[in-house]
Structures are given as C-alpha cells and as structure tokens.
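Heads up: numbering here begins at 1 and tracks the sequence.
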Amino acid sequence: MTQTEPGILYLVATPIGNLRDFTFRAVEVLQRVDLIACEDTRHSRPLLDHYGISKPTAAFHEHNEDAASSRLIERLRQGESIALISDAGTPLINDPGFPLVRSARAAGIQVVPVPGPCALIAAVSASGLPADRFAFEGFLPRKSSARKASLEALRDDSRTLIFYESSHRVVECVADIAAVFPSKRRLVIARELTKLFETIVDTRVGEALLLLEGNPDMRKGEFVLVLEGAADGGQAEGLTVEEMRVLRILLEECSVKTAVSLAVKITGARRETVYRTALRLTERRRETD
Ligand code: SAM
C-alpha cells in the first residue's frame, strides 16, 4: 500500500483595503490549491473573482474553527493542499486559524506562510514611532474597567504599543488611554489604511480625544492606534515593570519616604534605585499636573 504525502497548508495574506495589495505569489498559490478555507466565503468571493480564482471554498470562522480544523487536517492528511485566508490581512492576526495551524504542525503537516498585508505592520511602519521593538495587543477588552486594567499594566512598557480598534469603540478606547497614560505621550491614529480615506494622524494622548470628538470623519472606519512607549520604563532605571507598578501605586497613597520604604520591603529592589525613581516620578507628576 502506498502512503499518501500530506498536502501543504498555506496561510495567505489578503488586502486590507486596496485590492491591488495582493502578491503575485498569493494569487498563484490560491489558483493552485485544492481548497480555500475562508473566514467568510461571501466576503472573499469578490476578491477571488477579481483575480480569476475559481477554486472551491469552505467556511472557516471563529464559530466552527475546531470542527472545521479537524476536517481540514483530515483533507491535508489525504494529500490535498489548502489555503487559509481571512476577510482582510494576515490570517491568525486577530483572525481565525490558530487551532488549525497548531494541529497541522503537531501532525507534521507543512505550514507555509504567504506574507502580505497586515494592518499593524502598515501602521507601525508609517507611524514615526520606533518599530524595532513593539508590543501588539490586538483588541483591548470591551468593558472600560478591564480595558483600563490592561492599559495600566502597559504604562511602564518602553516598547511602542499597538492596538486594533473599531469605529464603535475608538472614542471610549482613546478616552481610557488618556486616563491612564501621560498626556504628552505620542499617539498615532491610523485609520482606513490603504483605502480612499486613509488617515494617519500624529497626536498626543492629551489631545487625541478632542481630535476625534471634533471631527466625525475621524471616528469612522477601521483603526490602528500606535502609542509611544515609556521613555523611562522601569528597566531603564534598574526596576522591573512590576517593581515600577508597585512603586507608582504606593506613591499615589503615601509620602515618598514611606512609599520607598514599603516598595523596598515588598519588591526587594535596591533602596537607592527605588528612591531615585520615586523622586523622578514625583517631579514629573508635578510638571504634568
Ligand atoms: N488580520 C488582520 C490584519 O492582518 O491586520 C486584522 C483583522 S482584525 C479582525 C480587524 C482589525 O484590524 C480592524 O478592526 C482594525 O483595527 C484593523 N484593520 C484592518 N484593516 C485595517 C485598515 N485598512 N486600516 C486600519 N485598521 C485596519
């Protein structure tokens, strides 16, 4: 009995707005595979038609991901080649596909990325903020309290921070960013990338809300928020992010002397480092108040 060679799973990036942002290789791969698994077959049909791709499609979305993954793995095992595409951009980047890729790799099936558009990469590369180290946080939680807690945990992170947001929540999200981060931090609002009304605005945390509230067009479409990292993250001072967090909380409640002494006891960090950081933080707070 001959053993069938397993097929290949391709992860194919599709345009995030501009239909011409489709690579030659992406088109070739989609024309060659046996099946195209789509986040939404109806959504992808115009794109596939535009490029003369008439391969069979199957639905693959967050609601059927587990069952659909098993079916696709079986077909891959039988030797079929399958391409996964999402509605826009790179599959798995805040889109379905993770269980499928994990299972495929575990089953020894070759997974081949066909890279292309991705909103976060487009936004950070054009933002004018450092793109050598960044943290992509995807969508923040929907509830304001949870969202603020997530943001708090990132306040001392020195990496550029990147968030996805929809028009429904962009105002609330920017309001929470303003409540948590220093007003002078740069915030780049990138909307409708690669589309007709593409806008990339460089603003400050303290001014962003006014900008959105003052212009209804600025609240429409799809958004990537790119936030400057902390210039003086805890690590630069010799404190970890957690030690910085403890110190900040204590400084809000006690005198510098007490905060330093408690922070040293709680975290075990060096007194001198904690004291120097505490002085700088209180100085900066006075300047911004
Ligand atoms: N897989 C996609 C990627 O590679 O970027 C992301 C999919 S995620 C479900 C959709 C979110 O990506 C949108 O809500 C928005 O935050 C961001 N996004 C997608 N296309 C965009 C565009 N053209 N301009 C700005 N943001 C975009």
* Least distance between heavy atoms, Gly116 atom then Ala13 atom -> N-CB, 3.4 Å
* Which residues satisfy the ring-ring contact (aromatic ring centres under 6.0 Å, His included) test with Tyr275, sequence neighbours excluded? -> none
* Look at the side chain of Ser125 and the backbone N and O of Ala122, then say whether any donor-acceptor pair between them is shorter than 3.5 Å. => yes
* Step by step, would you call Tyr164 with Phe136 a ring-ring contact (aromatic ring centres under 6.0 Å, His included)? -> CA-CA 9 Å; Tyr164 277 171; Phe136 172 55; 4.8 Å; yes
* Asked: With no hydrogens and no angle check, is any side-chain donor or acceptor of Thr194 less than 3.5 Å from a backbone partner on Asn18?
  -> yes
* Under the 3.5 angstrom rule, does the side chain of Arg219 hit a backbone N or O of Leu212 as a donor-acceptor pair? -> yes
* To do: Can you measure from CG (Leu225) to OG (Ser127) and round to the nearest 0.5 angstrom?
  => 11.5 Å
* Asked: From Leu151 CG over to Ile177 CD1, what is the distance, rounded to the nearest 0.5 angstrom?
  -> 5.5 Å
* **From CD (Glu272) to OG1 (Thr277), nearest 0.5 Å** => 10.0 Å
* For Gly79, does its backbone N or O pair with a side-chain atom of Glu5 as donor and acceptor, under 3.5 Å? -> no
* Asked: Apart from Phe197 itself, which Ile, Leu, Val, Met, Phe, Trp or Tyr residues share its cluster (side-chain heavy atoms under 4.5 Å, direct or through members)?
  -> Leu196
* Kindly determine whether Leu227 and Arg185 satisfy side chain to side chain contact (heavy atoms under 4.5 Å, CB included), including the steps that lead there. => CA-CA 7 Å; Leu227 179 61; Arg185 276 255 202 128; 4.3 Å; yes
* **Hydrophobic cluster membership, Leu140 vs Leu209, 4.5 Å side-chain cutoff** => yes
* More than 12 heavy atoms of other residues, nucleotides or ligands under 6.0 Å from CZ of Arg105: is that the case? -> no
* To do: Any chance you could lay out the side chain to side chain contact (heavy atoms under 4.5 Å, CB included) test for Leu154 and Phe163, step after step, and finish with the verdict?
  => CA-CA 12 Å; Leu154 294 166; Phe163 307 100; 3.9 Å; yes
* Starting at OG1 of Thr203, measure out to CG of Leu211 and round the result to the nearest 0.5 Å. => 5.5 Å
* **N/O donor-acceptor pair under 3.5 Å between Arg155 side chain and Phe181 backbone** => no
* Closest heavy-atom contact between Ala263 and Val274? -> CB-CG1, 3.9 Å
* To do: Considering non-hydrogen atoms only, spot the tightest contact between Pro117 and Pro15 and give its length.
  => CG-CA, 3.8 Å
* Check: Leu19 and Leu47 side chains under 4.5 Å, non-hydrogen atoms -> yes
* To do: Tell me who clusters with Leu250, hydrophobic residues only, linked when side chains sit under 4.5 Å apart either directly or through other members.
  => Val246, Leu262, Ile266
* Asked: Is any side-chain heavy atom of Ser69 less than 4.5 Å from a side-chain heavy atom of Arg102?
  -> no
* **Glu39 side chain near Pro91 side chain, heavy-atom distance below 4.5 Å** => no
* Hey, does the side chain of Arg159 reach the backbone of Gly229 with a donor-acceptor pair shorter than 3.5 angstrom? -> no
* To do: Report yes or no: does Asp34 contribute a side-chain atom to a donor-acceptor pair with the main-chain N or O of Ser81 at less than 3.5 Å?
  => yes
* Under 4.0 Å between a Lys/Arg side-chain N and an Asp/Glu carboxylate O for Glu74 and Arg71? -> no
* Would you indicate whether the side-chain heavy atoms of Val124 and Leu129 approach each other to under 4.5 Å? => no
* Would Thr199 and Ile189 satisfy side chain to side chain contact (heavy atoms under 4.5 Å, CB included), going step by step from the backbone distance to the final call? -> CA-CA 8 Å; Thr199 319; Ile189 303 177; over 6 Å; no
* **Pairing of Asp156 and Arg248 as salt bridge, 4.0 angstrom limit** => yes
* Asked: Only one of Arg169, Arg191, Lys195 forms a salt bridge (Lys or Arg N to Asp or Glu O under 4.0 Å) with Glu222, so which one is it?
  -> Lys195
* **For the student: nearest non-hydrogen atoms of Leu251 and Ala259, plus distance** => CD2-CB, 3.7 Å
* Asked: Is there side-chain contact between Leu30 and Lys55, with heavy atoms separated by less than 4.5 Å?
  -> no
* Asked: Is the shortest heavy-atom distance from the side chain of Thr90 to the side chain of Asp95 under 4.5 Å?
  -> no
* To do: Heavy atoms only: give me the nearest Ile109-Gly7 pair and the separation to one decimal.
  => CG2-O, 3.5 Å
* Structure fact -> Interatomic distance, CD1@Ile249 vs CE@Met244, rounded to 0.5 Å, equals 12.0 Å
* Non-hydrogen side-chain atoms of Leu92 and Leu84 separated by less than 4.5 Å -> yes
* Asked: Is there a side chain to side chain contact (heavy atoms under 4.5 Å, CB included) between Ser44 and Ile85 once you walk through the steps?
  -> CA-CA 8 Å; Ser44 295; Ile85 61 174; 3.6 Å; yes
* To do: Determine whether Leu9 and Leu35 fall in the same hydrophobic cluster, where Ile, Leu, Val, Met, Phe, Trp and Tyr are linked whenever their side-chain heavy atoms lie under 4.5 Å apart.
  => yes
* Asked: Hey, are Arg75 and Glu80 close enough for a salt bridge, meaning a charged N less than 4.0 Å from a carboxylate O?
  -> yes
* **Any side-chain heavy-atom pair of Arg271 and Ser261 under 4.5 Å** => yes
* Asked: To the nearest 0.5 Å, what is the distance between CZ (Phe60) and OG (Ser86)?
  -> 10.5 Å
* Phe134 reachable from Leu187 in the ILVMFWY side-chain graph, under 4.5 Å edges -> no
* Got a donor-acceptor contact below 3.5 angstrom from the Asn64 side chain to the His61 backbone? -> yes
* In terms of hydrophobic clustering (I, L, V, M, F, W, Y; side-chain heavy atoms under 4.5 Å; direct or indirect links), are Leu161 and Val201 co-clustered? -> yes
* State yes or no: do Val33 and Val114 share one hydrophobic cluster built from I, L, V, M, F, W and Y residues joined by side-chain heavy-atom distances below 4.5 Å, directly or via other members? => yes
* Asked: What closest approach, in Å, do Tyr51 and Gln31 show between heavy atoms, and which atom pair accounts for it?
  -> O-NE2, 3.5 Å
